[in-house]
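Remarks on the structure that follows.
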Amino acid sequence: MSVNLKGRSFLTLKDYSAEEIEYLVELAIDLKKKKKAGIFEKHLLNKNVALIFEKPSTRTRCSFTIGAVDEGAHPEYLSKNDIQLGYKETVEDTARVLGRMFDGIEFRGFSQETVEKLAKFSGVPVWNGLTDEDHPTQVLADFMTMKEKFGKIKGLNFVYCGDGRNNMSNALMIGCAKVGVNYTVASPESLFPDKDLVELCRTYAKESGAVITITDNIDEAVKGADVIYTDVWVSMGEEDKTQERLAILRPYQVNQKLMEESGKNSTIFMHCLPAVRGNEVTNEVIEGPQSVVFDEAENRMHTIKAVMVATLGD
Ligand code: CP
Ligand code: NVA
């Protein structure tokens with residue numbers, strides 16, 4: 001593949017072609033093999049990367065930290081309490097200062113606009129570690145896990161159950177539409193994804209051959225599913241919505257009966273984690289033989305490393 005991502009930011013999969021997404025997954029698979037064999041090629045030697053976190057994180061923070069160190073870079077963690085991003089200092093000014101010192105910047109926080117401004121004003125590659133709207137690095141780990149389990153990504157039937165308009169559902173819909181995975185959202189109508197985003201994804205899907213389906217009928221949705229995916233019912237920053245979400249999302253829980261409704265023994269269960277067992281997924285499913293959630297979690301590290309190596313590596 002003749003893909004060159006040097007100097008690029010990674011803000012949303014909208015900016016990446018199917019070929020570029022597949023390249024990053026393949027690179028991650030290669031980096032995983034090398035790490036297991038004890039081979040560290042230090043593609044990021046002498047680089048410094050800033051890791052800005054406005055919201056908490058286990059997987060994303062550790063993936064950037066370990067990915068950077070494995071490749072010879074120095075990661076610097078900056079929580080919202082350490083810096084004054086957006087208050088007492090504009091995002092533009094912080095971006096320009098960090099861009100003078102660091103070779104790359106990860107951002108996790110609320111607004112997609114902030115990560116876009118960081119990219120625009122820092123002059124170095126910026127990586128989106130999750131915003132209210134998007135979570136593109138998670139999708140790479142999910143695709144890598146699908147590739148490992150099914151030997152392919154394109155043509156699979158992917159069903160997302162739950163909050164159909166959160167960052168995970170958005171990011172997965174964009175990614176699936178790009179690479180040709182049939183993407184179904186099963187959620188209550190009030191939590192359907194944004195119409196403009198669905199329309200945009202349908203334009204990608206036309207090219208890739210994917211079918212995008214939005215429905216409130218979860219039992220119909222999961223028939224023939226290769227992947228059943230869910231995420232928390234209440235995302236970070238939306239805690240005031242807890243009661244209303246619990247009330248409307250209960251019928252969208254992934255339980256063993258729902259897994260069986262796919263009609264396939266090969267159906268896998270995926271979740272980006274952290275999970276609230278007993279809400280969006282039962283303990284039986286997440287601990288069961290169809291669950292691949294910890295492979296997915298490990299693959300966060302390999303895929304995030306791949307993004308840094310591809311955009312910043314020598
Ligand atoms: N899946 C994911 O992004 O996990 P963290 O919130 O722990 O980073
Ligand atoms: N939708 C979840 C994803 C966590 C990785 C959240 O934003 O809290």
Side-chain angles (χ1 to χ4, degrees), residues 10-13 28 49-68 75 77-80 105-112 114-115 127-146 160-175 183 185-188 191-194 197 227 229-242 244-246 248-249 252-254 269-277 279-281 286 291-308:
F10 189 79
L11 307 181
T12 168
L13 291 177
V49 298
L51 310 181
I52 305 176
F53 282 83
E54 287 180 343
K55 289 178 178 175
S57 166
T58 300
R59 279 143 290 267
T60 309
R61 175 182 176 178
C62 296
S63 296
F64 273 99
T65 303
I66 293 165
Y77 177 74
L78 302 167
S79 83
K80 68 173 190 307
I105 300 170
E106 179 277 353
F107 172 80
R108 164 173 287 201
F110 295 90
S111 151
Q112 183 73 15
T114 305
V115 79
W127 309 298
N128 183 351
L130 177 147
T131 62
D132 290 345
E133 271 176 46
D134 215 325
H135 196 10
T137 61
Q138 178 70 48
V139 179
L140 294 181
D142 298 339
F143 285 173
M144 177 177 177
T145 310
M146 286 154 64
Y160 176 95
C161 306
D163 179 1
R165 36 99 277 153
N166 76 5
N167 43 17
M168 232 20 275
S169 177
N170 292 343
L172 287 164
M173 182 163 63
I174 297 163
Y183 187 73
V185 173
S187 73
L191 296 175
F192 277 1
D194 176 73
L197 183 64
V227 178
Y229 197 110
T230 191
D231 183 16
V232 288
W233 288 345
V234 183
S235 287
M236 291 179 276
E238 298 186 333
E239 289 72 15
D240 60 323
K241 300 269 193 301
T242 304
E244 95 188 42
R245 292 284 168 72
L246 290 181
I248 57 172
L249 281 166
Y252 293 86
Q253 182 190 64
V254 179
F269 170 72
M270 299 183 82
H271 191 311
C272 56
L273 304 181
V276 183
R277 291 158 191 248
N279 276 3
E280 74 272 11
V281 60
I286 200 167
S291 172
V292 300
V293 299
F294 297 109
D295 293 322
E296 238 182 309
E298 177 188 335
N299 287 342
R300 295 299 310 289
M301 199 277 289
H302 305 296
T303 43
I304 280 175
K305 186 193 279 182
V307 170
M308 290 192 287

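Fair warning: this is a prediction, and the values are worked out from it, not measured in the lab. Every number for a ligand or one of its atoms is a count from 1 in the order of the listing. Any value given below was found using the heavy atoms of this structure, including those in side chains, with hydrogens, waters and symmetry copies removed.
- Here the rule is side-chain contact (heavy atoms from CB on, under 4.5 Å) with T145, and of V227, D295, V293 only D295 fits it.
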Could you list, one pair per line, each nitrogen or oxygen of ligand 2 together with any protein nitrogen or oxygen closer than 3.5 Å, giving atom names and the distance rounded to 0.1 Å?
| unit_1 | atom_1 | unit_2 | atom_2 | d |
| --- | --- | --- | --- | --- |
| ligand 2 | 1 (N) | N167 | OD1 | 2.8 |
| ligand 2 | 1 (N) | D231 | OD2 | 2.6 |
| ligand 2 | 1 (N) | S235 | OG | 2.7 |
| ligand 2 | 7 (O) | N167 | ND2 | 2.8 |
| ligand 2 | 8 (O) | M236 | N | 2.8 |

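- Side-chain contact check for Y229 versus E296: some heavy-atom pair is nearer than 4.5 Å.
- For the residues R59, H271, Q138, H135, the heavy atom positioned nearest atom 4 (O) of ligand 1 is part of R59.
- For the 3.5 Å distance criterion, the side chains of D231 and N166 qualify, holding a donor opposite an acceptor.
- When the side chain to side chain donor-acceptor pair (under 3.5 Å) test is applied to R300, the partners found at least two apart in sequence or on another chain are T60, T137, Q138.
- Every atom of ligand 1 is numbered from 1 in the order shown, and the set under 4.0 Å from a heavy atom of R108 is 2 (C), 3 (O), 5 (P), 6 (O), 8 (O).
- Within 6.0 Å of atom CZ in R165, more than 12 heavy atoms from other residues, nucleotides or ligands are found, so the atom counts as buried in its surroundings.
- Of the listed residues (E133, Q112, R108), just one forms a side-chain contact (heavy atoms from CB on, under 4.5 Å) with N128, and that residue is Q112.
- On a distance-only criterion, C272 and ligand 1 share at least one N/O pair closer than 3.5 Å.
- Nearest protein neighbour of atom 2 (C) of ligand 1, counting heavy atoms only, is R300 NH1, 3.1 Å.
- With ligand atoms numbered from 1 in the order given, ligand 1 contributes 5 (P), 7 (O), 8 (O) to contacts under 4.0 Å with heavy atoms of T58.
- Here the side chains of S169 and Y183 are in contact, with some heavy-atom distance below 4.5 Å.
- Under the 3.5 Å distance criterion, the side-chain polar atoms of Q253 are left unmatched by any main-chain donor or acceptor of E280.
- With a 4.0 Å cut-off on non-hydrogen atoms, L273 touches ligand 1 through its backbone and not its side chain.
- Of all the heavy atoms in N167 and D134, the pair that sits closest is CB-N, 3.4 Å.
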